[in-house]
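Shown next, in structure tokens, is the structure this report addresses.
Computed over heavy atoms, backbone and side chain alike; hydrogens, waters and symmetry mates excluded. First the proteins, then the strands, lettered A, B, ... as listed; each starts at 1. Computed from a predicted model, the values in this text were never measured in an experiment.
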Amino acid sequence: MRILLTLFLVLLVTGTAAAQGNSQAALVQALTKGVALEHVLTEVESIGPKRVDAELRGALIARLEQLNQQVADAIKIDQTVDTFIAPETLAQLSRLVADFRDPRAVAALSRATYGGPAAVRALVAFGEQTALPTVMKVAMAPSSHYTEVEHVLTTMRVLVEQGKVSPAGRAQIQAAAKARLTGDQYFTIVWHAIDLAGVLKDPELNAILNDLATDPNESVRRGIVNDEVPDLIVRTQKRAADRLAGEPPLPRAADIMTERRPEP
Amino acid sequence: MRLKIWQIVMVSFVVVVLAVFATVTPARAQTVNAALDNPFNTDLTGVFEFEVGCTVTYGIEGGWSYAYIYLTIAGEQQWSEYIEWYDINTKYLAKKVVAKPYDRDITCEVSGNIGYDTAQGTIRAGCDNTERDVIAREYDQFGVTPKPFCGDIRNQSPNYQYAPHFNWGELNGYFTTGNPHYGYGWIKSSLTNGLEATRSNYGASIYLSSGYRCPHGNAAVRGVSNSLHMQGRSADMYNNSCKCWTQSQFDALRSAASTTGTVELLFWTSYSDRHLHAAW
């Protein structure tokens, strides 16, 4: 009787797993056959990110990489994302891929700037060895879009604040902060680089922050002007001063690393 | 062991008698039926407590039978009863239940020695026979989850100051296409907190072009099928009502929002109408 019961349970479990495997294979097929991504994502979310198999994870990571490239290409010709995919779906895909915690997703997540803190949280969780080389490439590449640079500067900031970097890694991050605080930069990049410099507490970077905080021309030298937004220089000065005074940047690292569900 | 002749004859006789009896005697009628009475599958807007009835007809004509009857509401077994009787009988069982919005699946099952039957229905209970119910139905109709509870859907005047710098109308897209249920909407505190923090960082007023969308309204504006607008968590923003701004003005507002714990925050080239979409 006991043997029969055990056999029944084994058959039940393997049968369920096989059925789930089949449905996941069908979702991989759906992705390749052009079924609307939002419908596939709804199905995947109902499975739960932890139960998604390697093949389906790989397919979704590949789709995110492909869409990242499509977005980058569209930006170059000022084509808007909504002409080829719903931007909210893109955000949902990046959140889902981030939740997989699959190291194959590092490249895709390093450029996934749509989904709030989930991608940053995943990259930080991968750690310096796995994530930093790719993150650094995005941070230093002249071709990176400014939202991508903001995203990886925040990732590096959280890595530092979480104490997850070696001295060598810290040196690389300092180099990235310096590079993005130097020369002509979009104002949001400078703001994120200020936040990163603030947590690194490096004397050379602090000197740059001091210059930015005290001299409005330092902002102008970096291409920040009070043109369309009247107080950009004042905001840049205040940000640098706040970081020098030890005020931690927002969002706080602890908040980024804590997955929160919205209140009812 | 060897059987004697008379034993073989006796056994053969019994077998033949049984076979003849089985052939000549007609099969006894059996009935296995479970049925739910009204008000299943009907709208019960405004009714919160009512009686659920289940009629079970079960048994063997001229024979004994037994069975269990179960009533299950929304996956929870409400009661069960054991029946044991002679011949075919009918039993009506009723129980008072509270219909909790929204739809709750009801099952009545009878299962015993002669068979099994089940009847299924749905209590369609509503909130208060207002637009709340209309909105709630849309979540079922469009398959959107999670759906709001009655208390989540508030009814306010559009001018009602729901958050320090945002009134109810603004948060609900001014009750136009995205949410045409005038006065009714679902706004999460994460949205109002996020918007207030963004406004504070930005240092100027924000114009909301879209906030809460009911599922029907979301489809009407071609929103994605699982948009956080339908969870009262998203807003589309500009820095002015003319919806005309530049990329750096957009990015100044995006930057202000980026420090507030957004879960979605899109960029300048996301939408053709250049709105800033954020969700908290």
Side-chain angles (χ1 to χ4, degrees), chain A residues 36-39 41-42 45-46 71 74-83 85-92 94-95 113-118 145-148 150-151 154 186-188 191-192 195 224-225 227-232 235 249-252 255-256 258-264, chain B residues 143-146 148-149 151-152 186 188-194 197 201-204 218 222-229 231-234 239 245-275 277-280:
Chain A
L37 183 58
E38 63 186 269
H39 299 308
L41 294 183
T42 303
E45 285 196 335
S46 70
V71 168
I75 286 171
K76 284 177 195 157
I77 55 170
D78 203 29
Q79 179 193 8
T80 54
V81 174
D82 60 355
T83 57
I85 189 171
E88 283 180 78
T89 302
L90 200 49
Q92 191 190 359
S94 73
R95 284 200 302 273
T113 66
Y114 344 97
H145 188 252
Y146 63 87
T147 57
E148 293 174 340
E150 293 169 21
H151 176 61
T154 301
Y186 194 59
F187 70 94
T188 59
W191 287 3
H192 282 78
D195 288 348
I224 300 171
V225 289
D227 185 5
E228 293 162 345
V229 183
D231 55 354
L232 275 189
R235 282 170 180 263
L250 294 171
R252 302 266 161 89
D255 290 338
I256 289 175
T258 308
E259 190 170 359
R260 282 181 303 179
R261 298 282 170 207
E263 292 167 30
Chain B
V144 178
T145 55
F149 291 104
D152 293 332
W186 180 21
K188 291 252 174 78
S189 58
S190 60
L191 174 62
T192 48
N193 292 341
N201 292 340
Y202 187 55
N218 184 65
R222 297 184 178 182
V224 290
S225 61
N226 42 15
S227 172
L228 294 178
H229 281 284
Q231 310 300 328
R233 296 173 59 184
S234 284
N239 68 345
W245 56 352
T246 64
Q247 186 169 356
S248 53
Q249 288 168 341
F250 174 100
D251 281 320
L253 182 55
R254 185 177 61 85
S255 191
S258 72
T259 62
T260 62
T262 52
V263 294
E264 284 175 2
L265 186 62
L266 292 160
F267 45 87
W268 176 246
T269 49
S270 297
Y271 295 98
S272 309
D273 63 3
R274 306 293 189 182
H275 71 258
H277 169 91
W280 288 269

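- If you measure heavy-atom distances from B/L228 to chain A, the contacts under 4.5 Å come from both the backbone and the side chain.
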Might you work through the side chain to side chain donor-acceptor pair (under 3.5 Å) test for A/Y186 and B/Q247, ending with a clear yes or no?
CA-CA 11 Å; A/Y186 194 59; B/Q247 186 169 356; 4.7 Å; no
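- Without hydrogens or angle criteria, B/W245 side chain to B/R274 main chain gives a donor-acceptor distance under 3.5 Å.
- Both the backbone and the side chain of A/T113 come within contact range of chain B, each with at least one heavy atom under 4.5 Å from a heavy atom of that chain.
- Your options are B/H229, B/Q231, B/H277, B/R254, and the one with the most heavy-atom pairs under 4.5 Å with chain A is B/R254.
- Among the candidates A/D231, A/T89, A/L250, the residue making the largest number of heavy-atom pairs closer than 4.5 Å to chain B is A/L250.
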Checking salt bridge (Lys or Arg N to Asp or Glu O under 4.0 Å) for the pair B/R233/B/E264: CA distance, chi angles, key distance, verdict?
CA-CA 10 Å; B/R233 296 173 59 184; B/E264 284 175 2; over 6 Å; no
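- Summarising the geometry, atom CG belonging to A/L41 is positioned 7.0 Å from atom CG belonging to B/N226; distances are rounded to the nearest 0.5 Å.
- With a 4.5 Å cut-off on non-hydrogen atoms, B/F267 touches chain A through its side chain but not through its backbone.
- Among A/D78, A/L232, A/V71, the residue with the largest count of heavy-atom pairs under 4.5 Å with chain B is A/D78.
- A/T188 and B/S255 form no side-chain donor-acceptor contact under 3.5 Å, judged by distance and modelled atom types alone.
- Contact count versus chain B (heavy atoms, under 4.5 Å) is highest, among A/Q79, A/H192, A/Q92, for A/Q92.
- Of the atoms belonging to A/E45, not a single heavy atom falls under 4.5 Å from chain B.
- Only the backbone of B/N201 comes within contact range of chain A, judged by heavy atoms closer than 4.5 Å.
- Residue A/R252: no heavy atom, backbone or side chain, is found under 4.5 Å from chain B.
- Between the CD atom in A/E88 and the CG atom in A/D82 there is a gap of 11.0 Å [rounded to 0.5 Å].
- Using a 4.5 Å heavy-atom threshold, the side chains of B/L191 and B/W186 count as separate.
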